[in-house]
Amino acid sequence: METAVRNDVAQVWKDCLMVIRENVTEQSFKTWFEPIIPYKLINKRLIIQVPSQFFYEWLENNYVKILRKALDYAIGKDGQLEYTIIIDSGGQKAQQARQKPGAAPEEARNIPRNPFEIKVSKEVIFDSQLNKNYRFENFVEGSCNRLARAASVAVAQKPSVTAFNPLMIYGEVGLGKTHLVQAIGNYIEGQNGNNKLVLYVSSEKFTSQFINAIRDNSLQDFMNFYMMVDVLIIDDIQFLAGKEKTQETFFHIFNHLHQSGKQIVMTSDRPPRELSGMEDRLLSRFKWGLTTDIQTPDLETRMAIVQNKLATEKAEMDMEVVEYLANCVDSNVRELEGVVNSLIVDSALLQRKIDIELAKYRIKSLVEESQKAISIDKIIDVVTAHFNIKVSDIKGKTRLREVVLPRQIAMYLTKEFTELSLKTIGYHFGGRDHSTVIHAIQTINDLQNQDRELLLHIKDIKEKLKK
Ligand code: ADP
Ligand code: MG
């Protein structure tokens, strides 16, 4: 075994596992060795992939002797072990970490504590989660977004050097916040010779990663991961409102990054002062940098956005049509783009030019669509899915808080969106009395004024209902 040239990494790792299995408990084997992926075998250097820094540290602190034994058996006394770490930048496993070669064997032998002289490179490639289509070049400038755009360009050109740190951009939905902050990331990534780590994350994802980290006991990993980036772009931070623990963690990451001269970029759907449910110490940090808004674009900007969209899609329409569309859809760029997209599809399908008739027809059907009655069944479906509860529960007798509140919200929304009488609404919710429905509506009305989180839930549900 000692001298054989082994170049089959899978086989070598299998041999290692055989030795390991004999020396550790079943549980430890499952937890610490099954997740390891044999990565490469270069001469007598075995490179294994581990899921995190923490994982590697744990192996090193607890299983170094056994690993040595396994290597002796599978490769020989001069076998070396190296680790590479997979960085999971949320959801998908990112490509792969690069690793630095471990120390020479001579050296390794001289160090008693650790037979491998393990070196783990901090140098990792991870997915920045950026959408490459969001660039400054295709972001139309108008008076509605001039300052936000200028600040973004400045930050992109000199991250963490400008006074705009953090940069906070706020504004209503569909006005280009995400586009703009992603453009910052893409610009920085696209610069040659720059090895800044850029990371884009929605606050929703940040929160769920945080929750998972707590569940999996890997909070330190989570923090390390975020503290490693050079440019952190965090979208829709209003979502952190009311989430105390997540905010606290974000606060630490924020401070660490800021103190180490890293750039932070944030967006929100409302100005910081309206972010109730956000800790003051966090809000006051935002003031260190620049806070600026994006407003609804004026007619000319909307027309330019339509033209810009047409150019990217290599489609055409007369100026008259462009103006018509920009007039009809005036408050949300996303919707405006949606209309242009549907028209492009229509015109391809019907093999006709996008003219004013086609545009009128499309707008008319969109308006009808949005006015289409929302049914009680749909409300119940959306609400139960939103809160992850069962339809049978919402209609049933349970008084559990997790069900009562969604039930009340569903009744409240049924009243708002349908013409149904209180009695009928009660009937659909498990034969409840009309006074129960009145009580539900009042409760939600009252709560909405005090409870920001509830308000966000309702806002969210309404958006889902309109889809
Ligand atoms: P927000 O994050 O503010 O809700 P988005 O950035 O998602 O909005 O923008 C919605 C859509 O509108 C995106 O497809 C984006 O590319 C487009 N958009 C918004 N503003 C502009 C603009 N000024 N120029 C070009 N496209 C824009
Ligand atoms: Mg957005």
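Order of listing sets the numbers, starting from 1, for every ligand and every atom in it.
Closest non-hydrogen pair, N138 versus Y134, comes out as OD1-C, 4.3 Å.
No side-chain donor-acceptor contact under 3.5 Å links E141 to the backbone of R149. Checked by atom type and distance alone, the side chain of N165 pairs as donor or acceptor with a backbone atom of I264 at under 3.5 Å. For R407 (side chain) and A440 (main-chain N/O), no donor-acceptor pair under 3.5 Å exists by modelled atom type. In this structure, Q307 contributes its side chain and V322 its backbone to no donor-acceptor pair below 3.5 Å. A donor-acceptor pair is defined here as one N or O able to donate and one able to accept, closer than 3.5 Å; such a pair exists between the side chain of K177 and the backbone of G171. For the pair T312 (side chain) and N308 (backbone), a donor-acceptor distance under 3.5 Å is present.
Note: F222 and Y226 meet the aromatic proximity criterion, with ring centroids under 6.0 Å apart.
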Do any nitrogen or oxygen atoms of ligand 1 lie under 3.5 Å from a protein nitrogen or oxygen, and which ones?
| from | atom 1 | to | atom 2 | distance (Å) |
| --- | --- | --- | --- | --- |
| ligand 1 | 2 (O) | T178 | N | 2.9 |
| ligand 1 | 2 (O) | T178 | OG1 | 2.7 |
| ligand 1 | 3 (O) | L175 | N | 3.2 |
| ligand 1 | 3 (O) | G176 | N | 3.1 |
| ligand 1 | 3 (O) | K177 | N | 2.9 |
| ligand 1 | 3 (O) | K177 | NZ | 2.8 |
| ligand 1 | 4 (O) | G174 | N | 2.6 |
| ligand 1 | 4 (O) | R334 | NH2 | 3.3 |
| ligand 1 | 6 (O) | K177 | N | 3.4 |
| ligand 1 | 6 (O) | T178 | N | 3.1 |
| ligand 1 | 6 (O) | H179 | N | 2.8 |
| ligand 1 | 7 (O) | R334 | NH2 | 2.8 |
| ligand 1 | 8 (O) | G176 | N | 3.0 |
| ligand 1 | 14 (O) | E337 | OE1 | 2.7 |
| ligand 1 | 16 (O) | H179 | ND1 | 2.6 |
| ligand 1 | 20 (N) | L175 | O | 3.4 |
| ligand 1 | 23 (N) | V140 | O | 2.9 |
| ligand 1 | 24 (N) | V140 | N | 2.7 |

For the pair K205 and Q129, evaluate side chain to side chain donor-acceptor pair (under 3.5 Å) and give the outcome as yes or no after the intermediate values. CA-CA 11 Å; K205 192 171 200 170; Q129 308 285 322; 3.2 Å; yes

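Protein N/O/S atoms found under 2.8 Å from the Mg ion (ligand 2), listed by chain and residue number: T178 OG1.
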